Amino acid sequence: MIEEIRNKIANALSLLYSSYNEVATINIEINRTTDKSHGDLYTNIAMKLAKIVKKNPLNIAEEIRDHITLNDEIVKIESVAPGYINFFISTKNKYDQINTILNSKDDLIQNVENTKNIHVEYVSANPTGPLHIGHGRGMILGEVTAKFLSYQGHKIIREYYVNDAGRQIDLLLVSVLLCHLGKNKHIFVDEKTNDDGHLVTYKGNYVNDVAISLSHDLEKIDKDSVLSLLNEPIDSLISFLKKHKSYSQIRNALVNVIIDKYIKEDLSAVGINFDSWFRESQLYETGLLDEVLLNIKNKNLSYSKDGALWFKNTQFGDDQDRVLIKKNGDMTYFATDIAYHVHKFKNHDVLIDIWGADHHDYAQRLRTALKALDYDVDNCLQIHLVQFANLYKSGQSISMSTRSGEFYPIQDLVADIGRDATKFYYLIKKKEQHLEFDVDQAREENKNNPIYYIQYAHARITKILKDLDSERVSEEDYNNLISKNEVEILGIIDKYQETLNKAIFEIRPDIITNYLYKLSKVFHSYYAETKILTEDIRGERIRLVQCVDKIILNGLKVLDIEPMDSM
RNA sequence: GCGUCUGUAGCUCAGUUGGAUAGAGCAUUAGCUUCCGAAGCUAAAGGUCAGAAGUUCGAAUCUUCUCAGGCGCUCCA
């Protein structure tokens, strides 16, 4: 319908204003009206042309209007000040979408033509403990990103990058070892507290459980040697451990326990399964890290200073150069991340990283480094930065720290409000927005809680339609659906497909949650005001609510939320 | 100081590519059960779209500046 009108206008323009070159290239916008007294569709083309053809926009609108013929579908055209052209569409054609949706068997999603191999990396929290609500938003948005891209038709691999070779693992190992020796309250002489007042070693209750699981391995470490190092700086103990012949085996066992007993369980609680787990240690073992560092050196992008190896970031606009290899020989995250991305570039067309917004500067740094190594960063690497979520409970903001053991595990949130509410609330706003997440509200089972409100609409429709299985309802033209709510519902239905596809292609789940909420709202209003199962126009109303229900089910399915037939 | 995200009703937020009178929910106030689920509905009230200038026929939307808040600017992860 919109295309048809656009063609008619283009035709009129070529007759009227062909002498102006710019007219041929102008974008003819056709939009839906918000006020039905202005018809169904409108265009602002006359106002855009006013400047080019130097005429009063209203006159232009009139000229265009007179060059478009009416037919069965376009029943009226009017030109209105300051220069809108409004189109009135016949009811029969206005609502083709309702039949399209009711008759369709697929998911109403358009596929892209050239599909790509896309690598999506998300969560990737250090394997030092259970996942908590601070990880929740990236977790859910990462999953939705992967899902939406696969709806588009792309081939997706979901990967969790496991930082199993860094300092945090050594600190966790020390913490676990202390527990094993019954010294879990021990604090090292040099153990500083950071700005948040948290310690460097891990103090959560789970550390003790991990120590029990690993007791067989921990027995291999000589107890007396460890005890003798307790009054020295923590790094003495760490270097002692690193020299131990079973060090990598024990570290590996530790990481396995954390991943298998905690992280995978946490992910599964919100329904996430990764296709691949990539370990940082692989970068060392395969020699890729050395290879990449050599490449950086050969391209003259690094230099040595103060015993460390530096990348020449200032050559690319950064305000300082950044360290690749520390004075003590350890790699920085910068170095291993470059190598990891080099690895990912080998087998994929597009890489997507889902990171917290606090990594903004770092993302820029990584991009420039990879660009300097001749990777097509602009086209092939997307780093999606997700703003923080602030969770509230009983009016209090919940703060989080894995090390101190003071955190709210994601599994507790799921147990508290349910998997679907958890997902829904994390998805309710676009990623650039800071998210205020009220746990108490998410637990409520009333209209304060959008997910229940939507579920309730579905439950009500399910109840109405329950006994109608045998009733045949034929395709209708919906001419009798003329009440305010009916017209509004038809209008919302009409926009579903374009809304859905916009959400999928722009990876904006918030558009879907908003849409479903609005649809549910009008439905509830309609339901309270109108009896659906009446004698006279029963069929049309049944089809209307069937369509509403189908959209709710489809929208929830796209978001991977389970519908509730009764509540 | 630099970078970045944000600023819309008392609170939490929508607002299509710049379009016609800026919209919801909560909270407040006043109502609605012979009737498909009241886990609901109806209505009232609530606005300097942070501020200023600019572009435009037309700005919450685009540009610039200012103000306020979050985050980052470690040989941290």
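Order of the sequence lines fixes the chain letters, A, B, ..., with proteins taken first and strands second; residue numbering starts at 1 for each chain. Everything numeric in this text was worked out from a predicted model, so none of it was measured.
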Which part of the nucleic acid does [X] contact within heavy-atom distance under 4.0 Å: base, sugar-phosphate only, or nothing?
{"X": "A:K518", "answer": "nothing"}
{"X": "A:N31", "answer": "base"}
{"X": "A:T499", "answer": "nothing"}
{"X": "A:N86", "answer": "base"}
{"X": "A:T530", "answer": "base"}
{"X": "A:E29", "answer": "base"}
{"X": "A:K521", "answer": "sugar-phosphate"}

Interface polar pairs with nucleotides 5-11 of chain B, N/O, under 3.5 angstrom:
unit_1: B:C5; atom_1: O2'; unit_2: A:Q387; atom_2: NE2; d: 3.3
unit_1: B:C5; atom_1: O2'; unit_2: A:E432; atom_2: O; d: 2.6

Stacking between B:A20 and A:H38, yes or no? Criterion: centroid separation under 5.5 angstrom, plane angle under 30 degrees.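 The ring of A:H38 is stacked on B:A20.
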
Below 3.5 Å, does any donor atom in the side chain of A:N44 face an acceptor in the base of B:G19, or the other way round?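 Present.
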
Which protein N or O atoms sit under 3.5 Å from an N or O of nucleotides 75-77 of chain B?
unit_1: B:C75; atom_1: O2; unit_2: A:K327; atom_2: N; d: 2.8
unit_1: B:C75; atom_1: N4; unit_2: A:D306; atom_2: O; d: 3.3
unit_1: B:A77; atom_1: OP1; unit_2: A:K326; atom_2: NZ; d: 3.3
unit_1: B:A77; atom_1: OP2; unit_2: A:K326; atom_2: NZ; d: 3.4
unit_1: B:A77; atom_1: O3'; unit_2: A:N126; atom_2: ND2; d: 3.0
unit_1: B:A77; atom_1: O3'; unit_2: A:Y333; atom_2: OH; d: 2.5
unit_1: B:A77; atom_1: O2'; unit_2: A:N126; atom_2: ND2; d: 2.8

What distance, rounded to whole Å, do you find between the two [atom1] atoms, one in [N] and one in [M]?
{"N": "B:C41", "M": "B:G7", "atom1": "P", "result": "28 Å"}
{"N": "B:C75", "M": "B:C71", "atom1": "C1'", "result": "23 Å"}
{"N": "B:G19", "M": "B:A60", "atom1": "C1'", "result": "13 Å"}
{"N": "B:U16", "M": "B:G1", "atom1": "P", "result": "33 Å"}
{"N": "B:C11", "M": "B:G47", "atom1": "C1'", "result": "15 Å"}
{"N": "B:A50", "M": "B:U34", "atom1": "P", "result": "46 Å"}
{"N": "B:G15", "M": "B:A38", "atom1": "C1'", "result": "31 Å"}

Just how far, in rounded Å, is P of B:U17 from OH of A:Y42?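 Value for this atom pair: 11 Å.
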
Would you mind calling B:U8 syn or anti? Take O4'-C1'-N9-C4 for purines or O4'-C1'-N1-C2 for pyrimidines, and syn is within 90° of 0.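 Base orientation: anti.
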
Decide whether A:N449 and A:Y425 meet the rule of one side-chain donor and one side-chain acceptor closer than 3.5 Å.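 Yes, side-chain donor-acceptor contact under 3.5 Å.
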
Quick one: do [X] and [Y] make a salt bridge, cutoff under 4.0 Å?
{"X": "A:D321", "Y": "A:K305", "answer": "no"}
{"X": "A:D290", "Y": "A:K297", "answer": "no"}
{"X": "A:D440", "Y": "A:R443", "answer": "yes"}
{"X": "A:R543", "Y": "A:E540", "answer": "no"}
{"X": "A:K484", "Y": "A:E529", "answer": "no"}
{"X": "A:K429", "Y": "A:E436", "answer": "no"}

Should we say atom NZ of A:K550 is surrounded by more than 12 heavy atoms from elsewhere, each under 6.0 Å from it?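 Counting neighbours around NZ of A:K550, more than 12 heavy atoms of other residues, nucleotides or ligands fall under 6.0 Å, so yes.
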
Contiguous pairing runs of three or more, Watson-Crick or G-U under 3.5 Å, that involve RNA chain B: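 RNA chain B forms these stems: B:1-7 with B:67-73, B:10-13 with B:23-26, B:28-32 with B:40-44, B:50-54 with B:62-66.
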
Residue A:N27, side-chain heavy atoms: nucleotide from B:C36, B:C13, B:U17 that is nearest: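 Taking heavy atoms from C-beta onward, the closest nucleotide is B:U17.
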
Nearest to side-chain heavy atoms of A:F388, which nucleotide of B:C13, B:G40, B:C71: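 The answer is B:C71.
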
Quick one: are the ring centres of A:H524 and A:Y453 less than 6.0 Å apart?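 That pair passes the under 6.0 Å test.
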
Students often mix this up, so state it plainly: with edges at 30° and 60°, are the rings of A:H132 and A:F407 parallel, tilted or perpendicular?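 Tilted, since the angle between the ring planes falls between 30° and 60°.
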
Once you measure the plane-to-plane angle for A:Y362 and A:F334, does it fall in the parallel (<30°), tilted (30-60°) or perpendicular (>60°) bin?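 A:Y362 vs A:F334 ring planes: perpendicular.
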
